[in-house]
Amino acid sequence: MWSMKLRAHYTMKVKSIGSVAFYQEDWLELKEALRLAKHIDKKEPQSLLSFEDEKGAMWSIKELEKLNEELKLEPDQLQVYFDASFHKETGDSGLGIVIYYKLGKDAYRLRKNQSFQGSTNNEAEYAALFEAVKALKDLGASRNSVTIRGDSLVVMNQLKGEWPCYDDVHNKWLDRIEAALKELKLTPTYEAIDRKQNAEADQLARQILADVPIESTLKLEADGAE
């Protein structure tokens, strides 16, 4: 879901006092803010109402309405699964990614795999996630939240910043992933899952090692997405 939080600022003009400002303490979602704007007395100019986001930037109602229309064209409810299959003897790896998302009222699933040459399984895991972020960019995802799920405790905890990373190669992947997410203005939530929950991405990673490339986007039934 769109992660932007807003709170209302309303300025009332009083003849004997001048301008009096009122500030809302509680945060609103974008849709709630627009709903509030519609209920403002039509006799009062809407320019008296504005909204502050969590970074301190101010938004007019027209700016929020424009943003809301733009967001309708962007993927929402983003869920990423990633995995890697690594052959230590050859350095060959298979990367598997699955992305669930919604576009308007419709739900979709993107599945993709590709080969990779690296030095460790963890490096392949990072490479798989980086490819997933690139796929998000190709989908047009931005200014949103994304749930990222993987079954490597080392990689997931390093992504969350809970475990230190002393490997220079892995640190470079961490930096690349963080920079790519920042560029897209995506806010990640990392969730470690078990292998059974990650079976789809794992299968894709294994298939590319067997020379079975897959890249597909499927529209899901109403109850098909998680």
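Everything numeric in this text was worked out from a predicted model, so none of it was measured.
- V212 and L218 fall within a single hydrophobic cluster, where Ile, Leu, Val, Met, Phe, Trp and Tyr are joined by side-chain heavy atoms under 4.5 Å apart, directly or via other members.
- Tracing side-chain contacts under 4.5 Å through hydrophobic residues (I, L, V, M, F, W, Y), one reaches L174 starting from V169; they form part of the same cluster.
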For K134 and E131, what are the C-alpha separation, side-chain angles and deciding distance, and is it a salt bridge (Lys or Arg N to Asp or Glu O under 4.0 Å)?
CA-CA 5 Å; K134 287 167 61 178; E131 289 301 320; 3.3 Å; yes
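- Put simply, the side chain of F116 does not reach to within 4.5 Å of the side chain of D92, judged on heavy atoms.
- Pairing each heavy atom of S119 with each of F86, the nearest pair is O-CZ, 3.5 Å.
- Using a 4.5 Å cut-off between side-chain heavy atoms of Ile, Leu, Val, Met, Phe, Trp and Tyr, with links allowed through other members, I61 and W27 fall into different hydrophobic clusters.
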As a quick check of understanding, evaluate side-chain contact (heavy atoms from CB on, under 4.5 Å) for Y101 and L220, giving each step before the final call.
CA-CA 10 Å; Y101 63 97; L220 303 174; over 6 Å; no
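- A distance of 4.0 Å separates CG of N113 from CD1 of I208, quoted to the nearest 0.5 Å.
- At distances below 3.5 Å, not a single donor-acceptor pair connects side-chain atoms of N68 with backbone N or O atoms of L64.
- Between K62 and E65, no side-chain nitrogen of the basic residue sits less than 4.0 Å from a carboxylate oxygen of the acidic one, so the salt-bridge criterion is not met.
- Note that the CE atom of M58 and the CZ atom of F51 stand 9.0 Å from one another [nearest 0.5 Å].
- In this structure, a donor-acceptor pair under 3.5 Å is absent between the side chains of Y100 and R109.
- Using a 4.0 Å cut-off between a side-chain N of Lys or Arg and a carboxylate O of Asp or Glu, K102 and D106 do not qualify as a salt bridge.
- Under a 3.5 Å cut-off, the side chain of N198 and the backbone N or O of A201 do not form any donor-acceptor pair.
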Between E74 and S142, does the side chain to side chain donor-acceptor pair (under 3.5 Å) criterion hold? Intermediate values first, please.
CA-CA 7 Å; E74 296 181 3; S142 68; 3.2 Å; yes
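- Of the N and O atoms on the side chains of Q158 and Y126, at least one donor lies less than 3.5 Å from an acceptor on the other residue.
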Run H170 and T120 through side-chain contact (heavy atoms from CB on, under 4.5 Å) and show every step you take.
CA-CA 10 Å; H170 298 169; T120 65; 3.1 Å; yes
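- Using a 4.5 Å heavy-atom threshold, the side chains of I97 and Y81 count as separate.
- Checked by atom type, the side-chain pair E123/W173 shows a donor-acceptor distance below 3.5 Å.
- With hydrophobic clusters built from ILVMFWY side chains whose heavy atoms lie under 4.5 angstrom apart, L95 does not share a cluster with V154.
- The nearest pair of heavy atoms linking S85 to L209 is OG-CD1, 3.4 Å.
- The backbone N or O of S60 lies less than 3.5 Å from a partner atom in the side chain of E63, making a donor-acceptor pair.
- For Q197 (side chain) and D194 (main-chain N/O), a donor-acceptor pair under 3.5 Å exists by modelled atom type.
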Check step by step if side-chain contact (heavy atoms from CB on, under 4.5 Å) holds for T189 and S145.
CA-CA 8 Å; T189 297; S145 58; 5.8 Å; no
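- Rounded to the nearest 0.5 Å, atoms OG1 (T187) and CG (L184) are 11.0 Å apart.
- To the nearest 0.5 Å, atom CG of residue L129 and atom CD1 of residue I177 are 4.0 Å apart.
- Using a 4.5 Å heavy-atom cutoff, the side chains of L136 and V146 are in contact.
- Annotation: the span from L78 atom CG to N144 atom CG amounts to 5.0 Å, rounded to 0.5 Å.
- Distance NZ/K105 to CG/D76: 14.0 Å, rounded to 0.5 Å.
- The two residues L186 and A141 come nearest to each other via the heavy atoms CD2-C, 4.3 Å.
- Atom NZ of K160 sits in a crowded spot, with more than 12 heavy atoms from other residues, nucleotides or ligands closer than 6.0 Å.
- In terms of heavy atoms, D83 sits closest to D202 at OD2-CB, 3.2 Å.
- The heavy-atom pair separating Y108 from T217 by the smallest distance is CD2-CG2, 4.2 Å.
- Taking the six-membered ring where the residue is Trp, the centroids of F22 and Y10 are separated by 6.0 Å or more.
- Using a 4.0 Å cut-off between charged nitrogen and carboxylate oxygen, E215 and R111 do not count as a salt-bridge pair.
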Pair I214, Q207 - check side-chain contact (heavy atoms from CB on, under 4.5 Å), show working.
CA-CA 8 Å; I214 294 173; Q207 284 175 310; 3.0 Å; yes
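- Using a 3.5 Å distance cut-off with no hydrogens or angles, the side chains of T147 and E191 do not pair a donor with an acceptor.
- Side chains of Q79 and R149: a donor-acceptor N/O pair is present below 3.5 angstrom, by distance only.
- The hydrophobic clustering, which links ILVMFWY residues whose side-chain heavy atoms are closer than 4.5 Å, places L204 and I193 together.
- The side-chain heavy atoms of L28 and R35, taken from C-beta on, include no pair separated by under 4.5 Å.
- Although no hydrogens or angles enter the test, the distance criterion places no donor-acceptor pair under 3.5 Å between the side chain of N121 and the main chain of S152.
- Electrostatic pairing of R7 and D26 does not count as a salt bridge here, judged by no charged N lying under 4.0 Å from a carboxylate O.
- Here the closest heavy-atom approach between residue L49 and residue A8 is recorded as CD1-CB, 4.1 Å.
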